[in-house]
**Q** 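The structure's right below; bear with me while I get my questions together.
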Number of protein chains: 2
Amino acid sequence: MMYDLIIVGGGPAGITAGIYAVRQKMNALLITKDFGGQLVRKAGLIENYPGFEGISGLDLIQKFEKHLRKFSIDIKLDQVAKIEKRGNIFLALTQSKDKRESKTVIIASGADPRQLEVPGEKEFIGKGVSYCTLCDAPLFSNKTVAVIGGGNSGFEAAIALDKWAKKIYILETGPEVRVEKENQEAVKKTGKVEVITSVILKRIEGEKFVKALLYKTRKTGKEMTLAIDGVFVEIGYQPATSFVKGLVDFNERDEIKVDSETFQTKTPGLFAAGDVNIGKYKQIVTAAGEGAKAALAAYDYLRK
Amino acid sequence: MMYDLIIVGGGPAGITAGIYAVRQKMNALLITKDFGGQLVRKAGLIENYPGFEGISGLDLIQKFEKHLRKFSIDIKLDQVAKIEKRGNIFLALTQSKDKRESKTVIIASGADPRQLEVPGEKEFIGKGVSYCTLCDAPLFSNKTVAVIGGGNSGFEAAIALDKWAKKIYILETGPEVRVEKENQEAVKKTGKVEVITSVILKRIEGEKFVKALLYKTRKTGKEMTLAIDGVFVEIGYQPATSFVKGLVDFNERDEIKVDSETFQTKTPGLFAAGDVNIGKYKQIVTAAGEGAKAALAAYDYLRK
């Protein structure tokens, strides 16, 4: 069976592309390992997706998924291992060894959280080390925790943790934090957050669970130990793009280069929408808008 | 008082820009004659704004407006007559002779419906001639109506009218219609729509109310008369951009030229989002996405 469009990814960009594709009567398949992308890991209420004054990431993605499933689109819960182009046809090979053909492809596979890559990190995943503040914050009631990363996601994680933890450290490798004013003020208001900059992380220690974080600061060079019960990793995202190498160009952050009007990559018929591409502004509503534009551009490409 | 940002327009692009501006702690003013833009004139349910499976334009815009008003943004119900730039400062002059100053401006004033410009059109506005199918369709229960325009909006108007009218003509000036398949099929299904192409409209006639539409076709050159009770004008939109002449460049459709990543015009600090700009794809979710990007770009511009 030959599809008009294969969409890779089930976050806001992929789901919106799916809604638009089906409404254009395109014969479409969406492949994703799960629905939500970064939305499900989002800490706190989402207050900037127009139409919803305050909604959790999980609730919003459930609405998105339900909206998509209203239409007749094929959905395959699997992960794409490789995309190839043969002549005018794209081939999507999945991890379960499935092979699907399509005339166009939209990559909307988002980005995965970056890892610290220090000793103890992998060992204590689920035992104090978390990449999902929203999911895990309630486990740290009246505990002391560290958030790694002094950007907006780090500060938003600290704000979310305020409801649970008794003491929160934010650790930043740079000499200063780079954060929206609103987040800065909200963190200050908690009265329980301590920000430490110029940090070089050494390792995470513990027994059954995390007990301490060891680091140096660039200022003193002295090794310091923080007694903590949890580590929340908020140091950005790695675009999920390895399966499409050869067909697209990347920038220095491994983001896919696209035309910012049609979101087409350097390969005709291959598009990239949302967090995977070079776009500067990465928001739920911008990802959704890009998904719609990419689907309409794929439709235009097919008509020619 | 000097604003950080003035937003012109209260549709999806302007409202989303407002939400993002306030959350960035920008001191912002939104000027609009009313909320909604084209949304309030939208016929039928909106099924392609992710998160809402089916919602009327009025309901959606009310949610958008309520969402915006949750934040502390200045709102002025007025119309902008002119925007000037003096040094680094923008001046917005309104029809009520108000004068406001700002460091940046986002134009999100949308587009107004194009008029037929034939005799009888102005005379019978509200007496059978309508630019708002959704608002006026229920007045034409069991009547015969004509929709002018064989594009998607014309076909969607006919679909909306199906619930009310007993007979519907769609008149198109071109030799064929250019319509999404889904709309074409839905129109066919009504069994009461007749499409006439290559039409040259002559005039609208009536007494108290519209009674007839006179036209020629390019094929025969003969003048024809349709006995009808209503005329729905669906021939596209004219961007509302006259107040900003001199500061921006236009394309041949009077749409404002912008960079498609930041939505900045040729004037630094002046942005244009949504239906007013040259963007090819004009949807609710793409307008919202562009509003968010323009507000974040205005914030970046102010930081420098």
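Owing to the predicted nature of the structure, the values given are computational and were not obtained by experimental measurement. Labels below follow one simple rule: chain letters A, B, ... track the order of the sequence lines, proteins then strands, and each chain is numbered from 1.
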**Q** Side chain from CB out, backbone as N, CA, C, O: work out which of these in Lys25(A) comes under 4.5 Å of a heavy atom of chain B, or both, or neither.
**A**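 It is the side chain, since no backbone atom gets that close.
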
**Q** Do you know which of Ala292(B), Gly54(B), Ala297(B), Ala288(B) has the most heavy-atom pairs under 4.5 Å to chain A?
**A** Ala297(B)

**Q** Between Glu53(A) and Arg69(B), is the closest basic N to carboxylate O distance under 4.0 Å?
**A** no

**Q** Run the numbers on Phe52(A) and Phe52(B) for ring pair (Phe, Tyr, Trp, His ring centres under 6.0 Å), then give the verdict.
**A** CA-CA 10 Å; Phe52(A) 296 98; Phe52(B) 296 98; 4.7 Å; yes

**Q** Heavy-atom distances under 4.5 Å only: say whether Val22(A) touches chain B with side chain, backbone, both or neither.
**A** backbone

**Q** Please classify the contact of Glu290(B) with chain A as side chain, backbone, both or neither, using a heavy-atom distance under 4.5 Å.
**A** side chain

**Q** Specify which of Lys66(A), His67(A), Gln62(A) makes the most heavy-atom pairs with chain B at under 4.5 Å.
**A** His67(A)

**Q** Does Lys63(B), at its NZ atom, have more than 12 non-hydrogen atoms belonging to other residues, nucleotides or ligands within less than 6.0 Å?
**A** no

**Q** Is it the case that more than 12 heavy atoms not belonging to Lys189(B) sit under 6.0 Å from its NZ atom?
**A** no

**Q** Apply side-chain contact (heavy atoms from CB on, under 4.5 Å) to the pair Lys280(B) and Asp300(A), showing each step before the final yes or no.
**A** CA-CA 11 Å; Lys280(B) 193 173 170 187; Asp300(A) 284 346; 3.3 Å; yes

**Q** More than 12 foreign heavy atoms under 6.0 Å from NZ of Lys266(A): is that the case here?
**A**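 Atom NZ in Lys266(A) is packed in, count exceeds 12.
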
**Q** Where do Gly289(A) and Thr286(B) come nearest, in terms of heavy atoms and distance?
**A**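 Smallest interatomic distance, heavy atoms only, reads O-CG2, 3.6 Å.
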
**Q** Is the shortest side-chain N to carboxylate O distance from Glu47(A) to Arg23(B) below 4.0 Å?
**A** yes

**Q** In terms of heavy-atom proximity below 4.5 Å to chain A, should Ile19(B) be classed as side chain, backbone, both, or neither?
**A**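 Interface part for Ile19(B): side chain.
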
**Q** Where along residues 173-186 of chain B does a heavy atom come under 4.5 Å of chain A, listed by residue number?
**A**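 At a heavy-atom separation under 4.5 Å, chain A is reached by Arg178(B), Glu180(B), Lys181(B), Glu182(B), Glu185(B).
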
**Q** Checking side-chain polar atoms at under 3.5 Å, does Tyr281(B) have a donor or acceptor matched by the opposite partner on Glu261(A)?
**A**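 Side-chain D/A pair, Tyr281(B) to Glu261(A): absent.
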
**Q** Using the ring centroid of each side chain, check whether Tyr20(A) and Tyr49(B) are separated by less than 6.0 Å.
**A**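 Between Tyr49(B) and Tyr20(A), which both carry aromatic rings, the centre distance is not below 6.0 Å.
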
**Q** What part of Ala287(B) gets within 4.5 angstrom of chain A, counting heavy atoms only: side chain, backbone, both, or neither?
**A**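 Looking at Ala287(B), nothing touches chain A.
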
